[in-house]
Amino acid sequence: MDQIEHGDFVLAIGSPKYKRLAASDDGPHDHARFQLAMLREHLAADRAQWLAKILPVVLPGCSADDLPAFLQPYSATRYVVPEQLDELLRVLTGQPRRVQPELGPPANPAISDQDGLFRSAVLNADLSQVLVEAAESLADAVADLWRGESRRLSLDDPRPLATHWRTDAGEFDRLGPFFRRDVPSQRLVVLGRPGSGKSVSAIRLVSELLDGWTRGDPVPVLVPVTDWHPGELHAFDWLARRLARTVRWVDGRRITLASALLEVGLVLPVLDGLETIAEGLRAEAIAALNRLGSSIPLIVTCGLAEYGALDAAGIGLARATHAELLPPDRDDVEEYMVETVPHGVSRLAPLFARLRAEPAPTPLLVWLVRVVHQEPSRDPGDLCDRTRFPDLDSIEAYLMQHLVRGVYPDHPGHRTHVAFARVHHSTAQRWLEHLAHNLASTGAADIAWWQLDRSLPWIAPICRVVAGAALGFGLLSATGVVPGLVTAAAVGLVAGNSRYLAYFNVTDIETPHAFDGSTPNVRAELRDFAKLLGSALLFVVGLLALLTAGRSIATGRVLNLRAALVLTTLALGGGFLVWWFGRKLWHRQRHGRSDGLVVLADLKRPTSPGGTLRADRKVVLAGTGTMLAIAAVFAVLGVDYAVGIALGYAAAWMLFSAYARFTVARFVLAVRGKLPWRLFGFLDDARDRGVLRQYGAVYQFRHQHLQRHLGGRA
């Protein structure tokens with residue numbers, strides 16, 4: 001360990017085993033794994049120093065993909081031996097490196113001069129151009145996303161509720177200009193009480209920063225932190241997964257643009273809802289963010305009380321400015337409610353008299369009053385009864401109970417989703433309660449269609465068992481019904497156990513997939529298939545040689561020395577081929593290529609939940625249809641054994657998919673009345689009504705209070 005700390009350089013030799021050690025947290029090789037952890041922590045704490053000190057090396061027979069993720073080409077310069085041996089020797093001996101092109105167009109000096117961020121020296125011209133174009137594309141996508149979300153949430157209908165902020169330097173009323181002008185460290189903590197509008201303020205902040213965005217500036221991206229477990233996933237890895245949008249190829253190397261944009265400081269993460277992380281993990285989350293380096297631009301929203309507890313314990317975001325969201329002005333609240341509630345002047349007068357004797361209402365309470373009292377039949381004056389509503393919290397709880405009825409009125413106006421325009425509020429409430437209860441029981445924060453079956457835990461194992469049984473029966477059905485049933489039972493039991501599936505490298509079956517038809521990926525897949533086919537043919541040749549030798553010996557055909565030598569050669573050669581290429585095939589089964597034409601769907605890009613469903617369904621139908629076509633060809637040729645295998649693979653391909661589990665779960669829940677048949681139409685309609693919000697490929701409840709209320713009722 002002292003050599004790592006005090007040595008001039010650290011050589012990280014890439015290999016498949018080395019990469020597996022970096023990705024795993026259990027098993028042997030604890031010493032090597034501890035060394036990897038040290039390298040990663042040093043790289044996160046002082047990126048400028050350790051990027052120059054850690055030298056990833058790729059030996060003959062390996063590739064850059066064999067390096068750990070945090071040492072991939074987008075985060076460190078790697079040296080391929082022997083092609084770049086001279087360059088490596090120049091670095092080790094202190095000789096000048098070759099000059100790299102500049103980083104594309106001029107960048108923002110506030111970003112490019114910060115310690116810990118990438119300099120242009122480590123980026124070639126092609127990669128610089130790709131990153132700049134990717135940043136522009138990301139800015140457009142994020143702007144469209146939150147522009148549409150602002151319309152759905154009616155943030156500017158008819159006008160935004162005025163907000164005010166307080167820092168040590170004074171008060172102000174616009175967060176975006178304050179961040180640009182008065183936060184030189186580009187690190188801000190936004191604090192507020194429950195319901196004060198922190199999330200809405202984060203949306204407005206992102207929109208304001210994007211309005212003045214120019215080429216080379218970091219792109220503000222709003223990221224809810226509800227699904228981050230800082231002890232399980234490094235902050236950069238988690239952010240990269242959240243921000244991942246596409247994969248591009250530069251100089252034949254695979255570059256994950258989300259990770260690269262984070263590394264070079266072209267993304268400004270706006271982390272919303274730190275208080276939603278478990279209390280015991282908040283300090284660890286702050287420590288993980290600090291380990292990124294205090295020069296990394298960052299905005300975090302958190303509850304005032306929750307962050308105050310951390311601050312009292314001496315824990316806080318390094319070099320960050322704190323801005324507290326103040327209660328709205330009473331006069332502005334009354335004007336806003338009069339403008340947004342029908343006949344507000346006469347209907348709201350008693351409520352205004354009550355509210356003037358209470359602490360200032362929160363924006364959440366104002367929004368609830370507006371939504372619930374859109375129907376003229378509801379009297380806001382009922383909230384003045386101090387016996388029923390002794391304080392504002394009781395008023396808020398009452399309004400939350402009637403929110404669903406407010407957004408699903410008995411006499412709706414024109415709706416985009418005609419099928420749900422006249423859905424009764426009790427029906428909508430039952431569906432929403434099931435969704436909220438499912439989130440509460442599983443500890444999830446997102447309404448994801450591929451996790452719909454979690455409320456029915458028997459669906460996933462049954463699908464896996466049936467898929468395994470179909471595959472097992474297809475493998476030996478041609479030899480007889482009994483052998484087929486025995487094999488079906490054995491393979492079905494193995495498929496039903498996730499630990500056995502992981503042993504055979506059958507993973508990621510619970511996540512939706514998509515096709516990646518990029519030209520480099522197709523070429524790599526064809527090369528991989530050719531290698532697999534060659535290994536399989538040589539394995540079969542060796543097996544046939546062994547069978548021939550064994551049959552000749554068993555039938556007594558060893559009549560002379562020449563025959564004995566031939567049979568010995570067949571046995572030895574066949575045994576070697578079976579052993580060598582059988583080992584290769586087994587290694588490919590356990591540690592094969594992680595990428596291919598079918599890849600995991602990108603769940604965090606600004607897309608729609610329906611888009612990921614269609615992509616996964618396309619993979620299922622294409623794979624199943626291909627296997628059925630192969631079975632039909634074999635049936636015409638009269639190869640009955642191959643027909644059974646192809647049909648077994650077709651059934652397994654279909655039932656192992658996320659789409660199959662979703663289809664079964666949606667059918668069962670719709671029959672039981674827990675969810676509608678047209679689930680996505682209902683979720684989109686609930687989003688447009690302001691009950692839900694869409695983030696990438698998932699939905700979320702707009703307010704945690706509403707989610708907890710509906711989950712508790714269920």
Side-chain angles (χ1 to χ4, degrees), residues 146 148-157 160-161 163 190-206 222-227 270-277 301-306 325 327-328 333 336-337 340 360-374 383 392-408 425 428-429 431-440 443-447 682-695 698-714:
W146 293 114
E149 190 68 12
S150 297
R151 287 196 302 268
R152 284 191 289 269
L153 297 179
S154 302
L155 298 184
D156 299 322
D157 180 21
L161 183 64
T163 53
V190 179
L191 304 174
R193 292 175 174 79
S196 60
K198 298 185 295 297
S199 296
V200 171
S201 298
I203 294 175
R204 288 177 176 165
L205 173 60
V206 169
L222 180 60
V223 183
V225 299
T226 50
D227 64 342
V270 182
L271 307 183
D272 182 32
L274 185 64
E275 75 277 4
T276 61
I277 296 179
T301 73
C302 185
L304 183 63
E306 291 80 3
L325 183 57
V333 166
Y336 179 83
M337 294 174 69
T340 56
T362 63
L364 174 60
L365 182 63
V366 174
W367 179 75
L368 289 172
V369 171
R370 170 187 176 179
V371 173
V372 172
H373 295 91
Q374 288 299 308
L383 303 178
L392 294 185
D393 289 340
S394 58
I395 294 178
E396 182 179 296
Y398 170 81
L399 294 174
M400 197 68 73
Q401 293 176 6
H402 294 80
L403 174 62
V404 175
R405 183 163 186 170
V407 297
Y408 288 92
H425 60 82
Q429 176 125 355
W431 295 339
L432 292 170
E433 285 175 357
H434 173 78
L435 294 173
H437 177 68
N438 193 19
L439 295 180
D446 300 331
I447 303 173
F682 169 70
L683 295 176
D684 287 340
D685 183 66
R687 176 201 62 195
D688 294 340
R689 295 175 188 259
V691 179
L692 303 178
R693 64 181 179 184
Q694 179 184 329
Y695 186 81
V698 300
Y699 297 92
Q700 298 171 341
F701 279 94
R702 179 176 176 181
H703 294 287
Q704 292 293 322
H705 294 291
L706 177 61
Q707 179 180 332
R708 287 194 292 268
H709 167 70
L710 293 174
R713 286 178 57 92

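Computed over heavy atoms, backbone and side chain alike; hydrogens, waters and symmetry mates excluded. If you're wondering where the values come from, they're calculated on a predicted model, not measured in any experiment.
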Straight-line distance of [X] [atom1] to [Y] [atom2], nearest 0.5 Å:
X      : Y      : atom1 : atom2 : value
Leu392 : Leu365 : CG    : CG    : 6.0 Å
Leu683 : Trp431 : CG    : CH2   : 10.5 Å
Ile203 : Lys198 : CD1   : NZ    : 13.0 Å
Arg689 : Leu403 : CZ    : CG    : 11.5 Å

Phe682 and Tyr408 aromatic ring geometry - parallel, tilted or perpendicular at 30°/60° bounds: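 The arrangement is parallel - the two ring planes meet at less than 30°.
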Are any of the side-chain heavy atoms of [X] and [Y] separated by less than 4.5 Å?
X      : Y      : value
Val225 : Ile277 : yes
Leu435 : Leu439 : no
Glu396 : Thr362 : yes
Leu383 : His373 : yes
Leu432 : Phe701 : yes
Leu325 : Ser201 : yes
Leu706 : Met400 : yes

Considering all heavy atoms of both residues, which atom of [X] and which atom of [Y] are nearest to each other, and what is their separation?
X      : Y      : answer
Gly711 : Ala436 : N-CB, 3.4 Å
Pro224 : Leu222 : CD-O, 4.0 Å
Ser199 : Asp272 : OG-OD2, 2.8 Å

Ignoring hydrogens and angles, tell me if any N or O in the side chain of [X] forms a donor-acceptor pair with the backbone of [Y] under 3.5 Å.
X      : Y      : result
Gln707 : His703 : no
Thr301 : Gly273 : yes
His437 : Glu433 : no

Side chain to side chain contact (heavy atoms under 4.5 Å, CB included) involving Glu306 - partner list, sequence neighbours excluded: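 Applying side chain to side chain contact (heavy atoms under 4.5 Å, CB included) to Glu306 gives Glu275, Arg282, Cys302.
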Salt bridge (charged side-chain N to carboxylate O under 4.0 Å, His left out) against Arg204, all qualifying residues, sequence neighbours excluded: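 Counting only residues at least two positions away or on another chain, Arg204 forms no salt bridge (charged side-chain N to carboxylate O under 4.0 Å, His left out).
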Go through the steps for Val691 and Val404 under the test side chain to side chain contact (heavy atoms under 4.5 Å, CB included), then give the verdict. CA-CA 8 Å; Val691 179; Val404 175; 5.6 Å; no
